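Source: prediction; values computed, not measured. Letters A, B, ... mirror the listed sequences (proteins, then strands); counts begin at 1.
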Amino acid sequence: MRNVKWTAAIVLSIVMLLGIVGPFSLVKKPDTSSAGFISEAVEPPEDIWAPYDETVVITTMVEENSGTSFQGSDDYQNNPWYQAYKDRFNIDLRNKWVSNDYGTKLNLAIADADLADVFYVDSSRLTTLYKAGLIMNLDDVFERYASDTLKSYWEENKDTWETGCFDGSLYGIPQMNYGIIDQFKYIWIRQDWMQECGFDAPETMDDVIEIATTFAEKYGGYALPDNQNLDIFFKVALSWGANPGIWVEQEDGTLGYGSIQPQMKEALAQYAEWYKEGIINSNFTTMDSDKMFQDMINGNCGVIAFDHWFSYNPMPDLLTNLGPEAIFYPYEIPTQDGSPVKAGIPFNNGGYVVISSQCKNPEAAMKIINFFCYMMDDAVEGGESTEFIYSLYDNNYPNIVRGTRVINPMTDYNQYIQIKDAVDRYLAGEEVDTSELGKNVSKFNSCVNWVENQDVNGVGDWIQQGNDRSTYGIAKKYVDNEQYVKDAMWGAQTPTLQQAGSTLNDILIEGFTKIIIGDQPVDYFDTIVEQWLTAGGSQATAEVNETYN
Amino acid sequence: MKKKSFAETIKSQWQYYAMLLPGVVITFIFCYIPLYGVIIAFEDYNVSAGFSSPWVGLKNFTYLFSQPTFVRTIWNTLFISVWKLALGVVVPVTFAILLNEMRSNKLKRFYQTLIYIPNFLSWIIMAGVLMDILASDGAINMILHSLGFESVNFLGSASVFPWTMIISDIWKGFGYGTVVYLAALTGIDPGLYESAYMDGATRWQQIVKITIPLLMPTIILMTILSLGNVLNAGFDQIYNMYSPAVWETGDIIDTYVYRLGIVQAQYAVGAAVGLFKSLISAVLVIVSYVLADKLAGYRIL
């Protein structure tokens, strides 16, 4: 009997101890075959597009992206991009590691000073790496090996490029984004109701309110939605010339925060009035974005001020629920005095490509970046086959090279021109040769899919680019006429904003909400500004002026 | 009985200690080793420097207490949790006595189950339900309207919100307390009631003179034991239902820390708040155990 007890106790303890130790021993050993090798310096060829005579090995660190849908046996190491580097340049790009927690893993790598040859960082780590002397001065290698396309990005975006420089020397190549064309805001109006009520496109904010209130009276629900973050209010405020969320130049020439400017007070006064009249959804304070959209999907509201991506979310769900005739189209936000509306464009840069100071062949990294720009901008002219372009662009494969790419900030702008033209020709009954569209062909196909089959998955692209009244159509005009205000803080946040930024925003959101729901009079705005300044706002303003003015 | 020496104890009971060991090891690894992380509350923590970030002493704490938005969370937390604590005793005790007085055992069981059910639903679900019921066009406001009352903005008005939190929490949780007190009531000797009845005591007199006094030790014990939780005003509940409109009265320490520490990645200040809260709670727990020993004769060691 006693033996049985002992045995049981021992077995149980062992099992339980294994429970602790087990997971550790099961952790996969890092794949040492791809890490820890030494890359030798190799003589680069004269022509920047020519392959090396002998294979050059360079390393990178990769951020996992769940949006990438790998086909067949593809993975982060074996894929069409890496294959193309090998075929075109004789460059063997190897992943030191792939992680879904890139930031943390990168911090560890920085702490160990165990970096790959080329990788991407955010602005605060760029500073850290520069100060630690772990990254290379790229002036010479950029001058000598950057392609003309890449250099043209630099020429056209010098202000963004400067954010990657220290003491006038380039250390991090800004990765840019798909362009400011996707940063504008619109009034979205439900078309079937608009037609039934016989409204024309709104020309003033009063028109918008009239349309919205008529909808509410006739079809139930409420006139204007909003959520607890006041997302809609901050868009409507553009009508008063306010620039919430970005830093702007004030009359006295200094920089100030857009959300505390007098225009915001005017906008708030009107918005609070609307709330009092029952125009704004009375439950907005308890709604997050999802709930607000859910209400729209249920047909409770036919007007909203929102970003261009409203046509991607929630529009497809909305049309599935309410039928394709419930489609919303975008309109310009009318201003109070009839002047052109100006949207605020926040600093938006995807990161910085940096090259380790230990890298033996920095020009190989430049070639990889050049190749991405080439495929993005010049592939069709370069005579690349459609299949080859697809193989690199389908299934979100550009995510694979997240860390070694630079995006042309005119990408979406140029794409719009191409797609609109192709769709127009298609609708006019002409034959469209899709091979000339290159990587943009899937946009074209989804527009056609919406037009022919009312496929809701195509409605986003249709409203963004294909339709006569499209978000990019309106935005192109804004871009061409320079109808926008760039954030004066064009670069990294200042220390106080990094530390207290969201506390400061909380003060504003809470105070604005109180004014809107009538807990406080409009003049409470001045008290909020006071609070904002004391809580760190004046410190932040001083820093922003020092750094950016 | 002669007290055994430590070695003897180990020798005769080592099996039990062996089985205890894994638990102790796990507790040590996951609860004690991470404790060294509190040092970041005294550092100007940045991720790349890790735990060797520059030491700033109490700067994070002074920063915190200079923030008016933090100071009010302490008051909000105390207001909400003290009311929850008080009503969390009164309501279950009342219900337990009422249920105990019921003749029909079937009905008693039925009600007991009914009030116990909400306790099993998580706040994320309850929040969704409550937000629908309490909306301006929700069920409660419909009823108020039909009775001729003004509609109440339960979740959007700063003066009403804390009470919505207190009452909904009591409603969700009082079934559990009721069951505990009912169990205590069954322990009362029925002979007492019989003799009181013989002496002509009414039902009400029986409750006041017998039931409540005999329930007192349990009540005191339950209250004291919940003292340690007085700074936990219910993160799950409030986080899922609050909004900027009610931060003034509804923002509690935990939700503030969440916004500061997780949303804003201010790890050092977040850790400072956490440490501050833990210290107060530790004191309260010690006080409550001393009180529990003195007043209710309850002790663990």
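More than 12 heavy atoms of other residues, nucleotides or ligands lie within 6.0 Å of CH2 in B/Trp163, so this atom counts as buried by the packing criterion. Sparse packing is recorded around CZ of B/Phe149, with 12 or fewer heavy atoms of other residues, nucleotides or ligands lying under 6.0 Å away. More than 12 heavy atoms of other residues, nucleotides or ligands sit less than 6.0 Å from atom CD of A/Gln493. The environment of B/Tyr63 atom OH is dense: over 12 non-hydrogen atoms of other residues, nucleotides or ligands sit within 6.0 angstrom. Shown here is A/Lys276, whose NZ atom has no more than 12 heavy atoms of other residues, nucleotides or ligands within 6.0 Å. Within a 6.0 Å radius of CD in B/Gln13, more than 12 heavy atoms belonging to other residues, nucleotides or ligands are found.
Interatomic distance, B/Tyr256 OH to A/Thr503 OG1, rounded to the nearest 0.5 Å: 5.0 Å. If you take CD1 on A/Ile517 and OG on B/Ser157, they are separated by 7.0 Å, rounding to the nearest 0.5 Å. In this structure, OG in B/Ser136 is found 7.0 Å from CG in A/Asn281, a value given to the nearest 0.5 Å. Atom OG1 of residue B/Thr69 and atom CD of residue A/Glu510 lie 8.0 Å apart, to the nearest 0.5 angstrom.
Considering only residues two or more places apart in sequence or on other chains, A/Glu63 meets the side chain to side chain donor-acceptor pair (under 3.5 Å) condition with A/Tyr120. Remark: A/Asp226 engages no residue in a salt bridge (charged side-chain N to carboxylate O under 4.0 Å, His left out) (not counting sequence neighbours). Residues meeting the side chain to side chain donor-acceptor pair (under 3.5 Å) test with B/Tyr242, sequence neighbours left out: B/Arg259.
If you tally non-hydrogen atom pairs under 4.5 Å between each of B/Leu20, B/Leu155, B/Leu134 and chain A, the highest count goes to B/Leu155. Chain B forms more heavy-atom pairs under 4.5 Å with one residue of A/Ser282, A/Gly511, A/Ala500 than with any other, namely A/Ala500.
At a 4.5 Å heavy-atom cutoff, the contact between A/Ser502 and chain B is made by backbone and side-chain atoms alike. In this structure, chain B has no heavy atom under 4.5 Å from any part of A/Ala132. Both the backbone and the side chain of A/Asp506 have a heavy atom closer than 4.5 Å to some heavy atom of chain B. For B/Val269, the part lying under 4.5 angstrom from a heavy atom of chain A is the side chain only.
What you find for A/Gln228 and B/Pro244 is that their closest heavy atoms are O-CG, 3.3 Å.
By a heavy-atom distance cut of under 4.5 Å, A/Asn283, A/Thr285, A/Thr286, A/Lys291 are the residues of residues 283-294 of chain A near chain B, going up by number.
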